[in-house]
Every structure is written in structure tokens, then in C-alpha cells.
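To find a chain, count down the sequence lines: A is the first, B the second, and so on, and within it residues start at 1.
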Amino acid sequence: MEHFAARVLSNRQIAESWRELVIDWPAQAPEPGQFLTVRASPRFDPLLRRPFAFAGFSRERCEASVIYQVRGEATRLLADLAAGARLDTIGPLGRAFPPPGKGERALLAGGGIGLGPVLFLAREFARRKREGVATGEDGLSPALACFGFRTAASVPAIEWPEGVRIYTDDGSAGFAGTPSSALAEEDAGPGRARIYACGPAAMLAALAALAKSRGWNASLSAEQWMACGVGACMGCALERADGAGFLRACADGPVFERDDIDWAAEAARAAR
Amino acid sequence: MEHFAARVLSNRQIAESWRELVIDWPAQAPEPGQFLTVRASPRFDPLLRRPFAFAGFSRERCEASVIYQVRGEATRLLADLAAGARLDTIGPLGRAFPPPGKGERALLAGGGIGLGPVLFLAREFARRKREGVATGEDGLSPALACFGFRTAASVPAIEWPEGVRIYTDDGSAGFAGTPSSALAEEDAGPGRARIYACGPAAMLAALAALAKSRGWNASLSAEQWMACGVGACMGCALERADGAGFLRACADGPVFERDDIDWAAEAARAAR
Amino acid sequence: MQPTLSVQIGPLILENPVGVASGTFGYGSEYEALVELNALGAIYTKAVTLAPRPGNAIPRIVETPAGMLNSIGLANPGVEAFVEHKLPELKTRRAAVIANVAGASEEEYLAVLERLEEAAGPWISPPEGLPISACSARTGIDGYEINVSCPNVRHGGLAFGTDPIQVERLTAALRARTRRALIVKLTPNVADIAPIARAAEAGGADAVSLINTLVGMVIDVRRLRPVLAMGTGGLSGPAVRPVGVACAYKAARAVRIPVIGLGGIMCADDALQYLLAGARAVQVGTGTFVNPRTAEEVLCGIRAWMEREGVERVEAIAKMLA
Amino acid sequence: MQPTLSVQIGPLILENPVGVASGTFGYGSEYEALVELNALGAIYTKAVTLAPRPGNAIPRIVETPAGMLNSIGLANPGVEAFVEHKLPELKTRRAAVIANVAGASEEEYLAVLERLEEAAGPWISPPEGLPISACSARTGIDGYEINVSCPNVRHGGLAFGTDPIQVERLTAALRARTRRALIVKLTPNVADIAPIARAAEAGGADAVSLINTLVGMVIDVRRLRPVLAMGTGGLSGPAVRPVGVACAYKAARAVRIPVIGLGGIMCADDALQYLLAGARAVQVGTGTFVNPRTAEEVLCGIRAWMEREGVERVEAIAKMLA
Ligand SMILES: Cc1cc2nc3c(=O)[nH]c(=O)nc-3n(C[C@H](O)[C@H](O)[C@H](O)COP(=O)(O)OP(=O)(O)OC[C@H]3O[C@@H](n4cnc5c(N)ncnc54)[C@H](O)[C@@H]3O)c2cc1C
Ligand SMILES: Cc1cc2nc3c(=O)[nH]c(=O)nc-3n(C[C@H](O)[C@H](O)[C@H](O)COP(=O)(O)OP(=O)(O)OC[C@H]3O[C@@H](n4cnc5c(N)ncnc54)[C@H](O)[C@@H]3O)c2cc1C
Ligand SMILES: Cc1cc2nc3c(=O)[nH]c(=O)nc-3n(C[C@H](O)[C@H](O)[C@H](O)COP(=O)(O)O)c2cc1C
Ligand SMILES: Cc1cc2nc3c(=O)[nH]c(=O)nc-3n(C[C@H](O)[C@H](O)[C@H](O)COP(=O)(O)O)c2cc1C
Ligand code: FES
Ligand code: FES
């Protein structure tokens, strides 16, 4: 993890209220699932750094990208950054998606704000396939990589890795349906697949339940408000499924395994 | 006084750390000495509106200008505004420079942050002269209009009204010296001149003393931190010279008469 | 559905819950050109004291992160000038006029209130159930807000505001002298606001309002002295909003009389935080400096929120917190 | 001239006045990759309690204008795990290590301190006049900061921190059990911090540190409930800085022992405000979250300011206010 003033290389709109930020990344190479934090304002309102997952990384060009939704003040300020601007950045932070185990099919699902890390993972699979580095069941590629959006207008205009499937709730682009329903059609046996997902809490809960019912592993990326982002403040706690206290989203996660967290309880909390 | 979202027409650098902001002004016409307040950030740090004197106004084009120094956060944010941006604006506010009395020569002196209002006054004299509207001793123009700067680099690149004299401390542009010393060379008799000035507290104190010793009137524009800018909060108080309490810079001023305020005490306070 | 916005504070029914806070709105006319005064539920005047007060030495204000300090020192022309110069104009207002009363001793508070009662004459209540704005004959004063909490006066109100016994005694003495709405304004500079709120209730207050400012200080590190001439000042603005909401929450659970919430309200959501915390009405202070239309926008936003959430009476929001 | 930055806190000489605040820096290693730990004057650990504490229900933090609320609830692994897992590493630090101690009763505070004394062994003081960093054999604990002021624990420290009698008694009991520096951390949630500071001094504290957080609340107006699971939380960050400086100013005039100032320090000027107010040392809390290098930059800026102003000893700044 490093702290530096990253240079903004581009910052373009890719869908309604969605943008892709590309910054130079002269630091340690990030892995899919990891995140960075940025300070959006030199003043104190908004005050805290904001976490964003890496959506991609080019080792050749030393460039990292983030896909973000303009939601509140910090992301509005981010949206104003022009190429050449400096952005106070810390990263890479947190636990990455683990590689699939031997003989495990990789099933990827990303939705909404969870697009970035899953896209990065899909991109890494694609790269490894290109470069012939073995990962996944066939050693080269995920069995499935699905991304869900509400409607065609919310599908980001980016370069999608080969083989990725787009779902929209209303069928206005790609397939009609959700990544969760797509994954449910997979027929891998117990221990023969691992779900990789990031997205709304309800989607993660559904996927955790699916994984459990099929005996699959699942590596799911959770969200929680953060203050320090490095494991020092205990602010980003998530309840452990075993009742033995809490896990830190920033340092123990954001990627957790299927049974680390009670994903259904998280979804209920988010919906409350 | 009106409150509206003014459109930025231009915002250019005119000297080191000095800028001129031009905005559309569809509201009541401002007079020299009056000011406006702006909200520099939609968030709360910086929080309070900032006051700036009008530096010019075009009745034909309904445009007002402000000359400002980039000092802290609010002015830094102002400096970032591009043409077309909106600026939350209230004005015109405060007491304007009164017209010179019959037979009074108008002696104008502006320094530093006090440039704007005195420039506006000089411009108005020039306009009236063009339009043949009688003001000043000769009914048409000030006897003297002097602006002081540290050095050539701090003299703003603007269109100066005809007849204006520029002074620099080091003589690197215009005359060597200060507006105060220039005014001291005037020989008008008691009651035959009125000083109009805005600038550092020490300059105002010197001019008030000069006016007193010559028996001239003086209309001097003071500064004080403001919260409301409209006379409601009593925050911008200045001590009355007669000891009978306080005057509000925003509503009783910012232009005060020679004997309203103990200008020497103000200068001492500013220097402390 | 048109939501009902009126709020009852003792004998007084406010047309709507949004007022402007004492010391931030002068006596109303200062903001007349920028604010639709008729849209306000109440105008809380600048403090009125027995003698004229020029106010504290200058500088009196300084900005802080998301806040400001003031040490105005209750600058006001005194009760006689208030009666002569401000009262006539205040009689013409549609909004409820609440006179903010301050003093350095119990006697002073009583003397100010008595003089105001005398000048305004007997309380004329509007027809049963109608807001004060419906009253044909207005007296210029519809209630009192007793400032027992100003941090900016030496030997002043602060001592009162932190001691339940004194608060109850002062409130009872004032209560005996007026039928108008009696609101006691509390300070957040206490370990627990609940006993102070209960003391005001026990003394017969119709409501408590809170918070006044928090004691704060800014030091000029170049001039090696406090920025404010008085050293400390009172902190207000969005920075203190969480403190105010917590105080409103606690006070609303400590007393049965209405709580009026203020401190850092900049938008409708901020005001709704106070209402959900248990306040029945709110005041906008520093927010008006930043955006004179804050109170109007707050009212608009509360109405829209009520329509969206299907809430019929604004007073019901106080019970909606999960 | 090289300014002297060391600061004496009872038996302990800190190499420089800038520490990192309890609860915002873990036990040091969390920030190791981003912060030059050797540049710190002191590390105040996360609170240590007798039993392990998982901490409060979630969510635990929320941002506010120029501030944040936390209700972490003193989450920590308990004194035994601290001794086993954290102490060895803390012995390797150059900075002074101050263990922040919390408890729900006097007995708990005493038990934690006794266990820590036992584990760390006797206090080894460096050669006369030298900072603790010059000590060849470090014990892992150079002092204690007694948290009598956490707003986030029910039946917890807050009662202690607002009552001078309890503060004095607790301090005296702890004093009898350690020769290490004993710092009592005070809450700003009181009407007057002076009597509490005096109580700590009377009990034998070597210093008081202040401020802990202010009680605050944020309500989610869409979900109709407080954002934090516990309802209220503690407000920190630049929003509270003026309150902290005012408290430091008052406390420094109430006691002869050093005051350690904190609350909203984001840059050297903020720290200098505390030092000019009378504090001898400072801590950076929330500022580290925003910029992990805050403490380093603060130290750098203090040094530059001293050079500019011609101040030789950092401890002298406490007397420089006009
Ligand atoms: C590990 C991690 C990775 C993330 N990756 C991405 C990403 O790749 N792309 C992206 O667009 N966003 C991502 N987020 C969320 C992102 O941090 C927030 O959207 C951002 O902080 C909002 O800041 P703001 O000031 O614009 O909005 P705010 O005004 O702070 O918030 C706007 C809304 O979002 C909610 N919100 C804000 N932060 C969080 C949070 N941490 N958890 C849950 N709700 C929150 C608020 O309650 C509010 O309703 C990630 C969050 C985490 C914890
Ligand atoms: C009636 C009036 C008219 C003004 N007209 C102009 C103008 O035409 N052009 C111009 O450049 N500036 C003018 N000013 C000053 C201007 O308002 C401040 O420079 C501005 O508010 C600084 O904001 P900031 O956030 O950039 O700096 P801050 O960080 O707020 O302040 C930077 C420095 O300026 C000092 N300062 C800020 N505001 C004031 C104030 N009101 N009085 C004294 N010192 C202050 C601060 O103490 C600090 O040292 C005027 C002020 C008043 C009261
Ligand atoms: C400039 C100023 C003057 C004030 N004067 C008074 C006063 O005279 N009487 C009073 O009760 N409160 C006074 N207050 C306190 C406000 O009424 C209010 O309680 C406080 O500012 C918190 O609200 P806010 O954050 O919305 O400003 C004053 C506040 C400010 C900022
Ligand atoms: C997340 C968080 C956790 C904290 N935990 C503790 C703690 O365990 N013990 C303690 O004495 N203070 C604790 N504090 C209070 C800080 O040490 C400090 O007193 C307060 O935050 C004010 O300083 P700041 O504004 O610089 O953060 C905590 C503060 C925060 C923000
Ligand atoms: S954000 Fe501080 S521990 Fe995770
Ligand atoms: S700034 Fe409020 S009275 Fe002048």
C-alpha cells in the first residue's frame, strides 16, 4: 500500500451517472477485489477518504482504472477532475479475490456499484488466457462472467472482455434477467465451482445461498462505510457469521468467503 | 438587494494572484463603494459568503465586475470558475461613496484589495464626463485618481480610466510613491476636497489624518469579517469614533465618513 | 393530501414549524428584501436586554470548518428602544414573533419580560385551533424565548443554563408574569441536557429550544492571540448539527413539552433529522447567512417529504423514529 | 538554531510533541506502510479493556460536515491478548507508547493497569533529561492514558469523566499503582472542564489530554432511524477543533500539569492553536484517516514555525499567547 498524488489520465462518462477514472499507478500492482481510497476535497467537507474498487490495471502502462457512480458530494467532486489533475490516493488496499481452487469453475457476477472488481477479475482472466497463464477450471478462463444492469441506458460504454454476458432487468440490452439467475443455471457439482461477486447486498445474499445449496465456494466483496481504510479504526465492521464478533471490510475484506459473513443478515440490514 | 445565480462571463488573471471576475447583473444597478457577497462552495467548508466590492458595472450590457485577490480557500474556488458557471450572488449591498459636495474636489486613492471600489468610482467619473453628467468640483471629473501597488508585477492588466495615476512602491511602474503621498500634495482649501479611498487600514488612517489636517471630507471604505452581509448579525462591527458603540461594516458602511470611525485605531488593530 | 404544518407551542399555534433563530435575523426587516417573511413560521428576535448593549469588542466572528464562532455579546438597543422602534413593525408580521430575552440576573430577565408584556398588552389568542397568523389583532409579541445559554456574556446567562435549580426558578418566575408562549433556550455545554430540560418543564415552560452555541476558540498563530477579541465565542453552523440532533433526541425523551430544534440546519433533511429526533419545530440560524432562503427551502422540503412519506401532521414526525 | 522539540509528561520525556490519538491508529502497525512511525512523539493505543470487546453493533461510523461520528464501542481484544500479541511489537517502537485504558468500573480500570504493569515490568527511565526514545531497553508501555470519557459505552466511562470526585478517586487509585506517566483523558461534554482537570491533577495525574469526542447523532431521514446502530456516537474531526482549543485553553489555566491537546488537528497551524492555548503536546486523530501523513506534517510545520518565530523550546509555546 502506498500514498501518493496520482495523475488523472482520463475521466469519462460511460453511462448515466457512471464514469470511468483512469490514473497513473506507479505503485504496487493491484489485484482484482482490492481497492484504493481517495481524498476528494482538499478541505473538510466532505471529510473522509472514499473507497473505490479497482476496475482494471495495465502493467505495461502502469495505469489503474476505477468505475464509479456519481452519488454524493465526493463522487461529484471526482467527476469534475480533468486529465492532468492530481488525486490524493492510497492503495492497493484489502484482500483480493483468491484464485479458484484446482478444478473449480469460476462464476463471475457483478451488479451496479459492484461492476468494477468483477470486471477487473474478468479482465485478468482474459489477460491470463491471452498470456497462457493457467487459472480456473480449464486453467484459462471463467466458466461464466455476468454483469447485470437495470436497463440498456445503464450499461457502461466500455470495452468488455470477450465472453462476458450482459443482463438487463428489462431485456433492453443483452439478456433479460439477472446474473444470479444466470449462475443458478450452472450445473457444476459440489466443490466444482466458486462464485466471484460484488454488487447489491441482496444479490450477494442470493449468491451466497446459491453457493451453499450447491456446495460451491463463494468469494464475495462487501461494502461498508470506512474511515481509515487500513484496519486501524474498526469503523468498517461487518458481523461474523459465527457470532464471534466482527470483521473489518477494509483489512479482513472487502472480499470475504461464503461463510465468513451472514450475507442474508447484511442484505436485511441494507434493506431496512 | 437581490439574491440570484449570476452567470460567470469571464474570470481572468490580471496580475500575480489577482483576477477580474465579470458576471451578468440582471439586478439593481450597483454604485461605487457597494459590494456583493458570493457563496464559493455548495458545501460547508468554506461556509460563509464572501464580500467583494464592485469594480465596475455596465448598464448597457448588465454586467458587473469584481477584482479580487486569491488569498484563501473561497477565493481559490472563485478562481476555478469558468465562463458559463453559476455563482450564488447577493447584491448590491452597503453604502456607496456619496457624491462630492458642491465645490469639492474628488481625490481618489486605491491600494491593494481596495482597488475595486475606487476603480469603479473613477470609471463612473469617466462615464459621467463622457455623458456630460455633472459631478465633482468641475462637475465632470476627479481632481486626482491614484492607485498604489508594490511593484510593476502587481499592477493589474486592465483598462484604466483616462487620467488615472499608477504608483508603485519601487517605482518599477508609473510613479514611485504611494497614493497617500500624492494626495498630500493637493492644495485644496478646507471644505474644498473630499478623499475617496479604499485599501490597507494604514493607508486609510493616513488619509483620514490628512483630510482632518486639511479640513477635507473623506469617504473611506472599511473592511471587516462578515457573516450575514445585510445588517442582521452585528458580526461586522467597527468601533464608532465617538465611543457610542459600533457601526456595521455591511449595512452602515462599508463606506464611512472621516469622523465615523477612529481610523488610526483600526489601523493599529490591523497591525497588531 | 395537503399536510398539516401547524405546530402548537403552549397557547401559540405556529402556522408552520420553521422559524429563524435569534441573533441571526435581526428583527426581521434586515432580510426583508431577500426572504419571504410571510413564509416563516416564527421570527425569533435578536436578544432583548434591559439596558442597551453595544456588544463585545471586535473582531466578533471567525469562520471554522463547517462552522463559525461569534461573540456578538447580545448587542441590542435595550428593551425601551425595542419597544419604541421594533415593536410597531413586528405587529405587522404574519409569522409568530418570539422575543428572545436575556439578562445577567433573574431580576433583569423579569424586568425585560414585564416591560415587554406591558408594551405588547394582553395576549390575544386567535380563534380556537387557528394559527397565530389568523389573528386579526397582533400584539407584536407572540411568545418569549428565554436565553439562559449565551456563552458570550461574562457573568451572563451561561451560569443559569447549566444549573437545573436556577433554570426552574427563573422559568417559574417568568411563567407567573405571562400568558404568552414561554420557551426556554438551552445550552449544549452541559454533561446532560435532560435535567435542564426537565427543570424548564417543571418551571412551567411551554417548550424548550436547543441548541445555543458551543463554546469554542480560534487562535491566530501568526498574531499569537485569539482571533476573537473576547477569546472564546459560540460555535454554530453545520459543524454542530450532530450535537444539536443528539440534544434534541435526549430532551424530547426527557420532557412532554415540545422541543424546538436548531443548530446547523442547512436544508430540509437537516430539519427532518431534528423533527425525527423528537423536535416539533425548528429554527434556522447560521444557514440563513449562507443562503437567506434556507428557511423557505426547509419548509418546502418538509412539505414534500411529508407528501412522499404520507405523513399528515408535521407534529407526528416526532414519533416516527424507529 | 535547532529548536528543542522534546516535551516532559511527568517522568516521561517525549522526543517531540506530536502523537497519534487512541482509536485512530490501532496499535501502530496498521499504518506502518504509510506513516514513518519513528517520526511520532507518541502512539496512544486503541483502548485496552479487561475483557475482549467485539465493539458496538454496526454501522459504527458516519460522516458529518467537517467531522465524523463513531460508535466503535472500544472494540479491542482485551488486556490478555494485548499483552500477548501487541506488547512485543510495541517494545520495538521508537515513539513513546501510551496505553489507553478503559473500563466500566473503577475495579476494571485498576485491573487493566495492574495487568499491564505486570506484563511490561518496572518502568525503566532513560538517562536524566533524555527522551524515552534514547532508552536502550524499552518496556512496550511508557505511560497510560485513562479514558474516562468515551461516549460510546453504555454504563461506561462517561459517568466518571463528568464527575470530579470520581475522577480524582480513580486517578489516585491508578497513581498508587504505577510510576509510569499517567494521563487522564477528559471529555468536552461538560459545562466546565476546569474542575475535572483539577480533579485529575489532585489525584496525581502527570497530564490531562483533551478532548475526547462530543456526543452527536445523525438520523437517516429515508430510513427513519439513526444512522449509527447505537443511536448516538462521538463527534471528531475539524468540526470540533474550536471546542477542543477552548477546552485546552481553559484546562491549561486550571492546572499546572501539562495539557495534551487534540480534536480536529489537520495541519501544523491547528496544532499550534492548541500549543498556544496552553497545551504542551498534541495528538492527531481523525486527521490521520484523511491524510496518514498528518502527524508528520504537523511536526514539520511546528518546527518551521518555531524557526520562523525564533522559539527555542516547544514547551515555551504554551506561554506565548498574548
Ligand atoms: C470497498 C469498497 C469499494 C467500493 N467500490 C466502488 C466502486 O468501484 N465504484 C463505486 O461507484 N462505488 C464504490 N464504492 C462505494 C463508494 O465508496 C461510495 O459510493 C462513495 O463513497 C460515495 O461518496 P459520495 O460522497 O459521493 O456520496 P455520499 O454522499 O457519501 O453517499 C451517497 C450515498 O451512498 C451511501 N454510501 C456512501 N458510502 C457508502 C459505503 N461505503 N457503503 C454503503 N453505502 C455508502 C450513502 O449512505 C448515501 O446514501 C465502494 C465502497 C467500498 C467500501
Ligand atoms: C466590504 C468588503 C469588500 C471587499 N472587497 C474585496 C475586493 O474587491 N477584492 C478582494 O480581493 N477582496 C475584497 N474583500 C476581502 C475578501 O472578502 C476576502 O479576501 C475574502 O473573503 C477571502 O476569502 P478566502 O476564503 O479566500 O480567504 P480566507 O481564508 O477567508 O482569508 C484569507 C486571509 O484574509 C483575511 N480575511 C478574510 N476575510 C477578511 C475580511 N473580511 N476582512 C479582513 N480580513 C479578512 C483572513 O484573516 C486571512 O488572513 C472585501 C471585504 C469586504 C468586507
Ligand atoms: C451571530 C449570532 C448571534 C446570535 N445571537 C443570539 C442571541 O442573541 N440570542 C440567542 O438566544 N441565540 C443567539 N445565537 C444562537 C443562535 O440563535 C443558535 O442557537 C445557534 O447559532 C445554533 O444554530 P445555527 O447553527 O443554526 O446557527 C446567535 C448565533 C449567531 C451565529
Ligand atoms: C474511530 C475512533 C475511535 C476512537 N477510539 C478511542 C478510544 O478507544 N479511546 C479513546 O480514548 N479515544 C478514542 N477516540 C477519540 C480520539 O482519540 C480523539 O479524542 C477524538 O477523535 C478527537 O480527536 P480528532 O478530532 O483528532 O479525531 C476515538 C476516535 C475515533 C474517531
Ligand atoms: S475503515 Fe478503519 S478499520 Fe476499516
Ligand atoms: S455581517 Fe451581519 S451585520 Fe454586518
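- Side-chain contact check for B:His3 versus C:Asn291: some heavy-atom pair is nearer than 4.5 Å.
- Residues of residues 254-263 of chain B never come closer than 4.5 Å to chain C when only heavy atoms are counted.
- Shown here for C:Ile61 and B:Met226, the closest heavy-atom pair between the two residues is CD1-C, 3.4 Å.
- Ranked by heavy-atom pairs shorter than 4.5 Å toward chain C, the options B:Gly245, B:Gly231, B:Ser41 are led by B:Gly231.
- The two atoms that bring C:Arg225 and B:Arg269 nearest to each other are NH2-O, 3.8 Å, heavy atoms only.
- Put simply, the side chain of B:Ile90 reaches to within 4.5 Å of the side chain of C:Pro292, judged on heavy atoms.
- Proximity to chain B among residues 23-35 of chain C is limited to C:Gly23, C:Thr24, C:Phe25, C:Gly26, C:Glu30, C:Tyr31, C:Ala33, C:Leu34, judged by heavy-atom separations below 4.5 angstrom.
- Atom CZ of B:Arg76 is surrounded by more than 12 heavy atoms from other residues, nucleotides or ligands within 6.0 Å.
- Atom CZ of B:Phe44 is separated from atom CZ of C:Arg241 by 8.0 Å, given to the nearest 0.5 angstrom.
- Of all non-hydrogen atoms in B:Arg49 and C:Phe289, the two that sit nearest each other are CD-O, 3.1 Å.
- When all heavy atoms of B:Met234 and C:Arg60 are compared, the pair lying nearest together is O-NH1, 2.9 Å.
- Looking at every heavy atom in both residues, B:Phe246 comes nearest to C:Ile58 through CE2-CG2, 3.8 Å.
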